Amino acid sequence: MTRAVGILGLGHYVPEKIITNTDMEKIVETSDEWITERTGIKQRHIAAPEEATSDLAYNAAVEALKDAGVAPEELDLVIVGTASSDYIFPSTACLVQARLGAKNAAAFDLAAGCSGFVYSLAVASQMVKSGLYNKILIIGAETLSRIMNWTDRNTCVLFGDGAGAAVVGEVEEGYGVLGIDMGADGNGGKFLLQPAGSRNPASEETVAAKDHTIHMNGQEVFKFAIQIMGKTAKRALAKANMKPEELDMLFPHQANYRIITSAAKRLKMPMDKVWVNVDKYANTSAASIPIALCEAQKAGALKKGDNIILDGFGAGLTWAAIVLKWSK
């Protein structure tokens, strides 16, 4: 008999430094009104010079382990979803594993862009369900400010830094993960990428061209997002044998308020059932959904038995949605 698998504990961390839209007006030619109207973003948190992705991930992980009542030594695996790892190698997950003292855990990073946390939960849940592992720490963590082109007003206003973590393990029968949908369309990879890499090795030319920063075709990504968010959510719901009206809460990737409202509309969900914090954190990529989940739990907005859906999309292009019956 397969095991029911869910989230045992949550944690999140955002850097202290905040850059508001008014601050952004001093960096690039933009305005608070322009950013707010098009994205819903009012501010973003930015990592301190001494902070890297593993530091943010570690802080979120400590909180999640405490919330779950799980010791680092009990972990079988650490997965970090990130697009802004400390190094190309070793993985950020290995750095976090060592710092936590999770000496019995395997560790790897997962690259699915902003879908990274939902992908990680899908992978972790199946590993626990099969009996391979018992307790897995998953983290979505980003310091996108380090790979930002701060002269490109179309991208630099959109992103922020942060981390969210969850401990995944066995839960009561009937609770936890009920339906998973994942997908990718690599043909859209060119719409959101960091061009430098083994195909385009570091040189004076790549640095001058800012190929080591985020390049995005915002219009194409927006068109993709408003289509796929609703589709992936409905597929996950179908696998859970659930209708949209049975959902108590939607946790969408926090990229853009217009994309979030579009997803809610496709699921016929009122906005009071949609967790929105894009105004406070901007797009924190793989960290956005776990930060939102953690916030909701701390606010008392999540109760045992609630039907919730996590709904994301990201670079790749990728998408993923997971339906859970909340078990805490």
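Because the structure is a prediction, the values reported are computed rather than measured.
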Without swapping roles, check the side chain of R153 against the backbone of T30 for a donor-acceptor pair under 3.5 Å. no
Taking all atoms of both residues into account, what is the closest heavy-atom pair of P15 and I46, and its distance? CB-O, 3.3 Å
Main-chain N/O of V207 paired with K210 side-chain donor or acceptor, under 3.5 Å: no
Would you mind checking if R44 and D161 are paired as a salt bridge, meaning a charged N to carboxylate O distance below 4.0 Å? no
Report yes if some heavy atom in the side chain of C294 is under 4.5 Å from a heavy atom in the side chain of E63; otherwise report no. yes
What distance do T92 atom OG1 and I139 atom CD1 have between them, rounded to the nearest 0.5 Å? 9.5 Å
Go through it in stages, so that I can follow the logic: the residues are M271 and I260, the test is side-chain contact (heavy atoms from CB on, under 4.5 Å), and I'd like the CA-CA distance, side-chain angles, deciding distance and then a yes or no. CA-CA 9 Å; M271 288 306 292; I260 292 169; 4.2 Å; yes
Among V171, V168, L65, L137, side-chain contact (heavy atoms from CB on, under 4.5 Å) partner for L8: V171
In short, V14 meets G162 closest at the heavy-atom pair CG1-CA, 4.2 Å
Measure the shortest side-chain to side-chain distance between F89 and C94 over non-hydrogen atoms and say whether it is less than 4.5 angstrom. no
For a quick test of reading the model, state the closest non-hydrogen atom pair linking L110 to S120 and the distance between them. CD1-OG, 3.8 Å
May I ask you to decide if I41's main-chain N or O and N21's side chain share a donor-acceptor pair within less than 3.5 Å? yes
Under 3.5 Å side-chain donor-acceptor pair for T284 and E142: no
Using 4.0 Å as the upper bound for N to carboxylate O, is an ion pair formed by K243 and E246? no
Please determine whether salt bridge (charged side-chain N to carboxylate O under 4.0 Å, His left out) holds for the pair D248 and K303, giving the CA-CA distance in whole Å, both sets of side-chain angles, and the decisive distance to 0.1 Å. CA-CA 10 Å; D248 296 294; K303 61 183 186 296; 5.4 Å; no
Given side-chain contact (heavy atoms from CB on, under 4.5 Å), test I226 with F222 step by step and report yes or no. CA-CA 6 Å; I226 59 172; F222 182 86; 4.0 Å; yes
For the side chain of D76 and the backbone of A105, is there at least one donor-acceptor N/O pair under 3.5 Å apart? no
H12 vs L293 side-chain heavy atoms within contact, under 4.5 Å: no
Check whether any side-chain heavy atom of V278 sits under 4.5 Å from a side-chain heavy atom of T39, and report yes or no. no
Hey, could you give me the OH/CG distance between Y175 and L324, rounded to the nearest 0.5 Å? 13.0 Å
Do V221 and M216 come within less than 4.5 Å of each other through their side chains, counting heavy atoms only? yes
Under 3.5 Å, is there a donor-acceptor pair linking the side chains of Q254 and N283? no
For H253 and S115, which I'm curious about, is there any donor-acceptor pair between the side chains at under 3.5 Å? no
Any donor-acceptor N or O pair under 3.5 Å, side chains R38, N154: no
Under the 3.5 angstrom rule, does the side chain of Q97 hit a backbone N or O of A102 as a donor-acceptor pair? yes
Flag, side chain of K239 to backbone of I180, donor-acceptor distance under 3.5 Å: yes
Would you call M127 and Y133 a side-chain contact if the rule is heavy atoms closer than 4.5 Å? yes
Determine, stepwise, if the pair E205 / S203 fulfils side chain to side chain donor-acceptor pair (under 3.5 Å). CA-CA 5 Å; E205 289 74 23; S203 66; 3.2 Å; yes
Applying a strict under-4.5 Å side-chain criterion to I, L, V, M, F, W and Y, I'd like to know whether I79 and V167 cluster together. no
Any chance the side chains of T232 and D181 put a donor and an acceptor closer than 3.5 Å? yes
Verify the distance criterion only: is there a donor paired with an acceptor across the side chains of T143 and T53 at less than 3.5 Å? yes
Does any N or O in the side chain of T82 come within less than 3.5 Å of the main-chain N or O of A141, such that one atom is a donor and the other an acceptor? yes
Could you walk me through whether K273 and E245 pass the salt bridge (charged side-chain N to carboxylate O under 4.0 Å, His left out) test, one step at a time? CA-CA 11 Å; K273 287 188 173 186; E245 52 267 30; over 6 Å; no
Closest heavy-atom pair and its distance - F159, A282: C-CB, 3.9 Å
Would you say Q43's side chain and I19's backbone share a donor-acceptor pair under 3.5 angstrom? no
With a 3.5 Å distance limit and no angle check, can you tell me whether D185 reaches the backbone of L317 through a side-chain donor-acceptor pair? no
Salt-bridge test for E170 and K135: reply yes if a basic N is under 4.0 Å from a carboxylate O, no otherwise. no
Within the supplied structure, the quantity of interest is the number of heavy atoms (other residues, nucleotides, ligands) at a distance under 6.0 Å from K17 NZ; does it exceed 12? no
Pairing residues for T151 by the side-chain hydrogen bond (donor to acceptor under 3.5 Å, both in side chains) criterion, not counting sequence neighbours: N149
Taking only Lys NZ, Arg NE, NH1 and NH2, and the carboxylate oxygens of Asp or Glu, determine whether R258 and E37 approach each other closer than 4.0 Å. no
Does any non-hydrogen side-chain atom of L237 lie less than 4.5 Å from one of L247? yes
Which residues share a side-chain hydrogen bond (donor to acceptor under 3.5 Å, both in side chains) with N217, sequence neighbours left out: none
With a 4.0 Å cut-off, would you call D67 and K328 a salt bridge? yes
Assess the side chains of S54 and D86: does a donor N or O sit below 3.5 Å from an acceptor N or O? yes
Steps toward side-chain contact (heavy atoms from CB on, under 4.5 Å) verdict (V323, V177): CA-CA 6 Å; V323 178; V177 174; over 6 Å; no
Cluster overlap L250 with M182, hydrophobic side-chain contacts below 4.5 Å: no
Are any of the side-chain heavy atoms of E172 and S327 separated by less than 4.5 Å? no
Which heavy atom of V5 sits nearest to which heavy atom of S125, and what is that distance? CG2-O, 3.6 Å
Co-membership, hydrophobic cluster, residues L10 and V70, 4.5 Å side-chain: no
So does F108 have more than 12 non-hydrogen atoms from other groups sitting under 6.0 Å from CZ? yes
Side chains of E51 and Y13: any donor to acceptor distance under 3.5 Å? yes
Do the side chains of D55 and R99 get close enough for a salt bridge, i.e. N-O under 4.0 angstrom? yes
If we ignore hydrogens and angles and just use 3.5 Å, is the side chain of T318 paired with the main-chain N or O of A112 as donor and acceptor? yes
Test side-chain contact (heavy atoms from CB on, under 4.5 Å) applied to N277 and I291, step by step: CA-CA 9 Å; N277 61 13; I291 288 173; 3.9 Å; yes
Any side-chain donor-acceptor pair under 3.5 Å between E25 and S31? no
Measure up the F224 and W319 rings against each other and bin them: parallel (under 30°), tilted (30 to 60°), perpendicular (over 60°). tilted
What heavy-atom pair brings C114 and F313 nearest, and what distance separates the two atoms? CB-O, 3.0 Å
Please list, chain by chain and in numerical order, all residues satisfying ring pair (Phe, Tyr, Trp, His ring centres under 6.0 Å) with Y281, sequence neighbours excluded. H45
